[in-house]
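Just below is one structure, and these are the notes that go with it.
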There are 2 protein chains.
Amino acid sequence: MVADARVTEELKAAILRGEFAPRQRLVEIELCEQFDASRFAVRAALQALEADGLVERQRNRGARIREIGIDEAVEITQVREVVEGLIARRAAERVDDAEAEALAEIGRAMHAAVAAGEVGEYSDLNARLHALLRDIARHDKANGIIAHLHGQMVRHQFALSRVPGRSKVSVHQHQAIIDAVIARDADAAEAAMRAHIVSVIEALRAIV
Amino acid sequence: MVADARVTEELKAAILRGEFAPRQRLVEIELCEQFDASRFAVRAALQALEADGLVERQRNRGARIREIGIDEAVEITQVREVVEGLIARRAAERVDDAEAEALAEIGRAMHAAVAAGEVGEYSDLNARLHALLRDIARHDKANGIIAHLHGQMVRHQFALSRVPGRSKVSVHQHQAIIDAVIARDADAAEAAMRAHIVSVIEALRAIV
DNA sequence: GGTACCTGTATTGTCAACAATATTGTCGAT
DNA sequence: ATCGACAATATTGTTGACAATACAGGTACC
């Protein structure tokens, strides 16, 4: 696994960037040319991404980009709800003063971004907040599962960030999470995170 | 993926049965003989089981059985706590009368098994209860994650079932879960499941 | 005109040989 | 006797060719 790893990474990045349409066929030879790799490496990459849930394969019929419908996106987000709840709880238990200040800073930047109407900036801050909480929680298993689920959600995540007015609602939820973690209140942190993601689920359902 | 799938399945079953010791090296040629397959198929199986978290591989150094220490087992069980909590909640929301009766039946059998001191029988009933709850919940993503985590826990699970007196404690927790689901009380079902698994975590920590 | 079959092509599945790399054992020098 | 360099061996990584399979298009028959 050496060339394999490179191809796996590049192919995954390309999928996450949205370069392939859902249900699009992934022909091995075409991928060989695109990534300048052998069929062996491409095959290994496809197998890895199948385990990742990004690609589906049928015997003798090849691989295609897995389509994730709204129902599955909701299920994924429901799991995310409880696992990110665990992460928020752990973060509240383990946060140190420097990390608390970093959280507060993200909170202030979020308010500023919403006030200025910068949705792209707000979206970045959102990702940074969740990533920082994962860093603070230092829970490898939970973090791994979130990464796994996140990979399958990129398309819907993008759609979500385009919903007008969502940032105005979610900024308060994010602030509640930040406040609870800084206050070292584990129960409140978990509850705030779950409330936040429940509202994400509602927004998801509303898209259709 | 045809011979591959067979080898993957058999190898996984062998690992779960405990036929390989933790950190034991898995030499490809030996596995070829053992499962009467080509190196190609063995390789694919090893890659699949790496993604499954049962095997770890290093470049040019081959594969070994992944050792799961007590700390990791605790983390796994913490994730299980919240995801099985979600499953219990969903089960309470979706259970029908026939399923409720099946749950009640398992509860009665559990009490009987504890009274008779049949630990093996109780352990089976425990597995059946959790499986039935997953059936009722019909939450593919959550069920998939539980299956994934369970595969990594078999060794510790076995150690847990040997702790004397555990069934006497857990039978009441199980009954609380059953009662809450039958009463269609989602909050109580989630809380009961989480309380149950918290006690599993404590028992895990106590083993060392 | 429609349906079933057959053939050609595109694509994936499998294999055995070869190359690259790590590990182990041996030898000599200090 | 211990350490380091070096050679031998074991094991994995990679490649290209070949076999098996599914799909599309055309043809004959009803």
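Residue numbers start from 1 in every chain, and the chains themselves are labelled A, B, ... in the order their sequence lines are given, proteins ahead of strands.
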- Would you say the side chain of Arg57(B) and the base of dG13(D) hold a donor-acceptor pair, judged only by whether the two atoms sit under 3.5 Å apart? no
Please state how far atom [atom1] in [X] lies from atom [atom2] in [N], giving the value in whole angstrom units.
| X | N | atom1 | atom2 | result |
| --- | --- | --- | --- | --- |
| Gln47(B) | dT12(D) | CD | P | 15 Å |
| Leu31(B) | dT11(D) | CG | P | 12 Å |
| Arg64(A) | dT12(C) | CZ | C1' | 14 Å |
| Phe40(B) | dA20(D) | CZ | C1' | 13 Å |
| Asp4(A) | dT12(D) | CG | C1' | 12 Å |
| Ile29(B) | dT9(D) | CD1 | P | 16 Å |
| Asn60(A) | dC23(D) | CG | P | 9 Å |
| Arg43(A) | dG13(C) | CZ | P | 4 Å |

- Query: If every non-hydrogen atom of Arg134(B) is compared with every non-hydrogen atom of Asn143(B), which pair is closest and at what distance?
  - Reply: O-ND2, 3.2 Å
Considering only [options], which nucleotide approaches the side chain of [X] most closely?
| X | options | answer |
| --- | --- | --- |
| Arg61(B) | dT15(D), dT12(D), dA22(C) | dA22(C) |
| Arg59(B) | dT21(D), dT21(C), dC15(C) | dT21(C) |
| Glu28(B) | dT12(C), dG13(D), dT21(D) | dG13(D) |

Just by distance, do the side chain of [X] and the backbone of [Y] share a donor-acceptor pair under 3.5 Å?
| X | Y | value |
| --- | --- | --- |
| Arg6(A) | Ala41(A) | no |
| Glu28(B) | Val42(B) | no |
| Arg89(A) | Glu190(A) | no |

- With respect to His196(A), which candidate in Glu81(A), Gln173(A), Glu84(A) satisfies the side chain to side chain donor-acceptor pair (under 3.5 Å) definition? Gln173(A)
- Message: Can you list, in residue-number order, the parts of residues 19-27 of chain B that come under 4.0 Å of DNA chain D, counting heavy atoms only?
- Response: Arg25(B), Leu26(B), Val27(B)
- Item | Any Ser38(B) side-chain nitrogen or oxygen under 4.0 Å from OP1 or OP2 of dT14(C) | no
- Query: When the ring planes of His130(B) and His174(B) are compared, do they come out parallel, tilted or perpendicular, using 30° and 60° as the limits?
  - Reply: perpendicular
- Task: Using salt bridge (Lys or Arg N to Asp or Glu O under 4.0 Å) as the criterion, point out the one residue from Arg25(A), Arg61(A), Arg23(A) that pairs with Glu56(A).
- Result: Arg23(A)
